[in-house]
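Hydrogens, waters and symmetry mates are skipped; everything else that's a heavy atom, side chains included, is used. Sequence lines set the chain letters: A, B, ... in the order given, protein chains first and strands last, and positions in each chain run from 1.
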Amino acid sequence: MDHSYFIDRLSAYHDRDLPPYELEVVREHLESCEECRKQLEKYQQLDEMIEKKSRLDESDYWEKSASKIEQALGSTATEVVDIKPTKSFGMVWKLAAVAASIAALTFISLHRSDIEEPVLEHMSPAMVAPVPVDEITGRTDDTLNQLFDEFDTKKEASKELRDDSNLKDAFGEDEDAEKRSLAEAELEFFEVIAPKKIVSEKSHRAQAPSFAAPEPTDTKPAEPQVKLEGIAVDGDAVRYLKEEKAKSAGLGEVSSEQFSLSAPQKVAPPPKAAQSLKVTAQKDFVKLAPAIADSLFLDESFLKLRLLRDQRDSLRSAIADYGTRRYREGVVPDSVEVLKPLADSSYNVMLDSMISTVYQIGLLSNDTLEINRSIKFLRNFPWNTTGEQRDRINDHLEKLRLKLD
Amino acid sequence: MINIGNNREETASVTVENKETRQQERRLVEASQNGDKKAFGLLIRMHQKRLFRFIYGLLGSFDMTEDVVQDAFVRAYKAIDRVNPEYAFYPWLSTIARNLAYNQIRKEEKKDSLDGMQETGFDPRSTELGPLESLLNDESKKRFYEAVQSMPVKYRTVFALRHFEDMDYAAIGSYLKIPPGTVDSRLYRARKFLLEQLKDLL
């Protein structure tokens, strides 16, 4: 790309109002081009000059004008006024509302099965006629539940076995070498492979590879299948999980009123037979992380960080993709002009979650470099933000810097 | 690291200042909602200069600006019940004023195109500031406003929205009903023009 291209883009670069890929290209060029750097500096000086020179000075005019306006306020009765500039503008919004509802209906009909499925699972068996059967294993939830208990026992057993073997190792005994290596392989599955599977597989009934354990079983559920649908807070999820575990272990009934759950669950608490781990959307991963980690005795923040990083990367490409298309095609094609408000709001939602994701990475991480990178990213947030988002970014920055100190 | 430190101080001082004025503003808005005209009078005095500067940037005419600013405050007062005191007052006020100014801009743009104005090149318009001069005590400020004044309206509006209201290209584009790419090129030309005209003031 030649120099004149960059000279033209510098004004927009100065406002950080370029698509991310162009921002990057211009930034690279600036490192090597003296002339462009000087031009950019001029824009900065111009900004300062405009701010200084545009300020209107004190004059008795202001007081006169203010009293004039006060007089014009007239009666103290307040009324609703239409502040929209033109009538056709209102029409656009009405059209947008209609388009939005059409879009919503289309979305619902397209994803009907996705949406309806969890609703069914919220209901007690009495409300759902057939007993739920796992699509993969063909087992009913009762048999799954047994396997869930087995899983827990097995996991504990292999842990003990390994510790035991280590102990024997220390005393020079190595008769259980084969047993021990099997136990270690199993543990690796429980602690490393299984959590990965939970995250990567959309299917909520994951299958585990067969164990090299004494029992001649062919397929098993990969990990504790626990119902977590509709739980909003991490803490709740963990508590819920523990209580469900206690229940299935026969440690007594726990009243569902003791912890807050979503409405349908309060009305009909899920039977322990209906335990299933459901990962529906990526944002749910973060919510689920503590519960998964807890059930597998993993370091919670480690897993959460990894999920957050994944989320950050996919958000980054989604936002960049949207921004590029928007920039290239001049906002949106005419045919979908009415959908623009909808597109804008989803763009803002993506930015919102990007801000909080990067902030959480900075908060959770113990790596100075990573915290610094989060700070840098938030400070030079490469997309346009609303005032509210800016405020939040500033707030986050302050907290991250405090942490760094 | 030094950079980060500087930024922190900046952010901290800005936040403190913002918090104080925000609280003050919130009390005034609440009082105005209870029918306190004096409180609203204070809100007028708080914001009229900034609003005037912005609308003048859009319209480039003292008389029209005066009318729009006055009208905007009156409308804001009538609709004050709809304001959430938790949010800043100015953005709402400036939206009212901006929408009032919109029809004037449309008229001006039509006039401009009738005059056969081209996208390139600047029209040597009247640079008389008129009553605005009484609000500018400094010679360099007068020169600045003369330069702004002499820009054709299509460049001036983009310039004012970007520099006085800090709107991004997409927002400016949807307000003026032009694609963001056009916002970009108009702003580029406006800046180029100002840099040439006011080189010595930098």
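The closest side-chain heavy-atom distance from Ile69(A) to Ile44(B) is below 4.5 Å. Within the 4.5 Å cutoff, side-chain heavy atoms of Lys53(A) are placed close to those of Asp138(B).
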Residue pair Asp184(B), Arg9(A): steps toward the side chain to side chain contact (heavy atoms under 4.5 Å, CB included) verdict: CA-CA 9 Å; Asp184(B) 183 358; Arg9(A) 308 246 62 71; 2.7 Å; yes
Intermediate values then yes/no, side chain to side chain contact (heavy atoms under 4.5 Å, CB included), Ser65(A) and Phe52(B): CA-CA 11 Å; Ser65(A) 154; Phe52(B) 195 97; over 6 Å; no
Could you please spell out the steps behind the side chain to side chain contact (heavy atoms under 4.5 Å, CB included) verdict for Tyr87(B) and Glu388(A)? CA-CA 10 Å; Tyr87(B) 294 111; Glu388(A) 223 173 288; 4.1 Å; yes
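Across all their heavy atoms, Glu58(A) and Asn137(B) have their closest contact at O-ND2, 4.1 Å. Looking at every heavy atom in both residues, Tyr169(B) comes nearest to Ala12(A) through OH-CA, 3.3 Å. Closest approach of Leu194(B) and Leu46(A) over heavy atoms only: CB-CD1, 4.1 Å.
Under the 3.5 Å distance criterion, the side-chain polar atoms of Gln48(B) are matched with a main-chain donor or acceptor of Trp62(A).
For Ser11(A), the parts lying under 4.5 angstrom from a heavy atom of chain B are both the backbone and the side chain. In this structure, chain B has heavy atoms under 4.5 Å from both the backbone and the side chain of Arg55(A). Only the side chain of Gln39(A) comes within less than 4.5 Å of a heavy atom of chain B; its backbone N, CA, C and O stay farther away. Only the backbone of Lys52(A) comes within contact range of chain B, with at least one heavy atom under 4.5 Å from a heavy atom of that chain. Contacts of Arg143(B) with chain A are absent, with no heavy-atom separation under 4.5 Å from either backbone or side chain. Only the side chain of Phe40(B) comes within contact range of chain A, with at least one heavy atom under 4.5 Å from a heavy atom of that chain. Heavy atoms closer than 4.5 Å to chain A are found in the side chain of Leu132(B), but not in its backbone. Looking at Asp391(A), only its side chain comes within 4.5 Å of chain B, counting heavy atoms on both sides. In this structure, the portions of Arg53(B) lying under 4.5 Å from any heavy atom of chain A include both its backbone and its side chain. Heavy atoms of Ile7(A) lying under 4.5 Å from chain B belong to its backbone as well as its side chain. Within the 4.5 angstrom heavy-atom criterion, atoms from both the backbone and the side chain of Tyr188(B) approach chain A.
Interface summary for chain B: among Asp60(A), Asp47(A), Asp15(A), the most heavy-atom pairs under 4.5 angstrom belong to Asp15(A). Ranked by heavy-atom pairs under 4.5 Å with chain B, the list Glu63(A), Glu48(A), Gln45(A), Arg16(A) is led by Glu63(A).
With rounding to the nearest 0.5 angstrom, the CG atom of Asp17(A) is 5.5 Å from the CG atom of Asp168(B). Atom-to-atom distance recorded for Leu201(B):CG and Met49(A):CE is 5.5 Å, nearest 0.5 angstrom. Distance OG/Ser59(A) to CD/Glu133(B): 12.5 Å, rounded to 0.5 Å. A distance of 8.5 Å separates CG in Leu187(B) from OH in Tyr43(A), rounded to the nearest 0.5 Å. With rounding to the nearest 0.5 Å, the separation of NE2 in His163(B) from CD1 in Ile50(A) is 4.0 Å. Rounding to the nearest 0.5 Å places NZ of Lys38(B) at 9.5 Å from CD of Glu70(A).
Side chain to side chain, Tyr61(A) and Glu66(B) meet the donor-acceptor criterion of an N or O pair below 3.5 Å.
Residue Lys42(A) places its NZ atom among 12 or fewer non-hydrogen atoms of other residues, nucleotides or ligands, all under 6.0 Å distant.
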